[in-house]
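Heads up: the structure comes next, in structure tokens.
All figures in this text were calculated on a predicted structure; none of them were measured in a lab.
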Amino acid sequence: MTTVIVQLPDARPPAPADRRFARLSRPPRGAPPSRPALLHLGPGDTAAFGRGEPGRPPAVPIPDPGVSRRAGEITAAEDYWRLSNFSATATYVVENLEGAGEHVKVAPGRLGAPVPFEISRILLPAHGEPAAFKVFAPQHAYLSGESAAPDGERTVSPFALDPTAKYFLVLLALCEPRLRSPSAAAVPGATDVVARLRDLPACRDLSRSAVNYHIDYLVGSKLRLRDPVEGGDPGGKREELVALALRFDLVREEHLVLLPPRRDG
């Protein structure tokens with residue numbers, strides 16, 4: 001039974017750093033796209049990755065001089081996989097390709113680190129661009145419906161947000177840059193939020209003071225951030241809101257359709 005699929009990295013040599021010669025590494029114009037090579041692993045199977053040793057090519061070859069000969073190993077489990085880092089100095093990063101910047105770091109020498117993502121990309125430090133390859137785990141199983149519970153008081157949702165409310169649109173506009181690009185550093189200010197939401201009929205009269213009111217409402221009532229700093233830096237308050245919302249998936253990529261189309265330029 002196959003549980004984990006590894007998409008092998010492109011076997012072609014990397015493009016030269018000099019852009020004048022970059023075209024030499026490209027396939028001929030009009031050539032049909034080649035299908036990526038796949039490695040299928042069952043429970044307990046392992047696959048080593050790295051540059052390889054003489055006479056011992058790894059299952060996942062990464063021919064970059066900055067990658068160790070025995071860089072690491074993947075071990076398939078039932079519906080997840082484990083990553084071992086054999087490097088003495090390099091930290092590996094596993095990105096969740098379905099998440100907004102979600103990732104795990106696997107420190108040098110770490111063995112059997114469990115990876116919970118369904119679609120992942122492993123990044124290894126290398127010369128130039130980081131070396132990378134993808135790993136696909138089986139679709140995770142989820143509980144259908146609500147679990148049976150004994151009689152008693154109902155559980156109260158700690159984050160009861162209404163996606164149709166204006167405060168949710170403000171929160172979504174604050175989180176949008178990092179939802180679209182996890183590396184985005186700046187959180188929008190109140191003026192940016194007003195401009196982003198202005199094309200929505202419900203937000204045509206939105207002002208900076210109204211945005212700040214919604215932010216305070218989210219902080220104090222809906223998400224109940226602990227110990228908000230009175231009169232503190234508004235940017236810090238927005239940062240805390242965005243970090244919490246993304247950490248617990250309170251806003252997700254599918255919510256972006258609630259925002260007006262972005263204007264180019």
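- Transitive grouping of hydrophobic side chains (ILVMFWY, heavy atoms separated by less than 4.5 Å) brings V251 and L200 into a common cluster.
- Judged by distance alone, with hydrogens and angles left aside, the side-chain atoms of R252 form a donor-acceptor pair with the main-chain N or O of D249 at under 3.5 Å.
- Considering every non-hydrogen atom in both T75 and T46, the closest pair reads OG1-CG2, 3.4 Å.
- Here CG of L41 is found 7.0 Å from CD1 of I74. Values are rounded to the nearest 0.5 Å.
- Counting heavy atoms from C-beta on, the side chains of L83 and F49 come closer than 4.5 Å.
- L250 and H255 get closest at one heavy-atom pair: O-CE1, 3.7 Å.
- R69 places a side-chain N or O within donor-acceptor distance of the main-chain N or O of G52, the cut-off being under 3.5 Å.
- Among all heavy-atom pairs drawn from V193 and A173, the shortest one is CG1-CB, 4.1 Å.
- Between Y217 and Y213, the angle of the ring planes stays under 30°, which puts this pair in the parallel group of the 30/60° scheme.
- Side-chain N or O atoms of S84 include one that pairs as donor or acceptor with a backbone N or O of G112 at under 3.5 Å.
- Shown here is K134, whose NZ atom has no more than 12 heavy atoms of other residues, nucleotides or ligands within 6.0 Å.
- With a 4.5 Å cut-off on side-chain heavy atoms, L206 and H214 count as touching.
- In this structure the side chain of T89 never reaches within 4.5 angstrom of the side chain of P108, judged on heavy atoms.
- Nearest heavy-atom pair, Y142 versus E118, reported as atom, atom and distance to 0.1 Å: OH-OE2, 3.9 Å.
- With hydrophobic clusters built from ILVMFWY side chains whose heavy atoms lie under 4.5 angstrom apart, V104 shares a cluster with F133.
- A126 approaches A131 most closely through the heavy-atom pair CB-N, 3.6 Å.
- Residue pairs meeting the salt bridge (charged side-chain N to carboxylate O under 4.0 Å, His left out) criterion with at least one member in residues 46-63, sequence neighbours excluded, are E53-R56.
- Looking at R196, its side chain does come within 3.5 Å of a backbone N or O of P260 through a donor-acceptor pair.
- The number of heavy-atom neighbours closer than 6.0 Å to CD of E129, taken from other residues, nucleotides and ligands shown, is 12 or below.
- Inter-residue side-chain proximity for Y80 and P116 is flagged as unmet; no heavy-atom pair is nearer than 4.5 Å.
- Between the side chain of D64 and the main chain of H127, a donor-acceptor pair closer than 3.5 Å is present.
- Side-chain contact between L161 and L223: present, with at least one pair of heavy atoms (C-beta onward) separated by less than 4.5 Å.
- Using bins of under 30°, 30° to 60° and over 60° for the plane-to-plane angle, the ring pair F248/F159 lands in the tilted bin.
- Atom CD of E176 and atom CG of L259 lie 5.0 Å apart (nearest 0.5 Å).
- Panel note: side chain N85, backbone V106; a donor-acceptor pair is recorded below 3.5 Å.
- Looking at heavy atoms from C-beta onward, Q7 lies in side-chain contact with F136 at the 4.5 angstrom threshold.
- A salt bridge (charged side-chain N to carboxylate O under 4.0 Å, His left out) check over residues 80-89, counting only residues at least two apart or in different chains, returns nothing.
- In plain terms, the two heavy atoms of V94 and S120 that are nearest each other are CG1-CB, 3.7 Å.
- A 4.5 Å side-chain heavy-atom check between L244 and R247 finds at least one atom pair inside the cut-off.
- The shortest distance between side-chain heavy atoms of L256 and R180 falls below 4.5 Å.
- In the hydrophobic clustering (ILVMFWY side chains linked at under 4.5 Å, chained through shared members), V93 is joined by L123.
- Judged by distance alone, the side chain of K105 and the main-chain N or O of T91 form no donor-acceptor pair under 3.5 Å.
- Both L39 and Y92 belong to a common hydrophobic cluster when Ile, Leu, Val, Met, Phe, Trp and Tyr are linked at side-chain heavy-atom distances under 4.5 angstrom.
- Atom CG of L8 is separated from atom CG of L38 by 7.0 Å, given to the nearest 0.5 angstrom.
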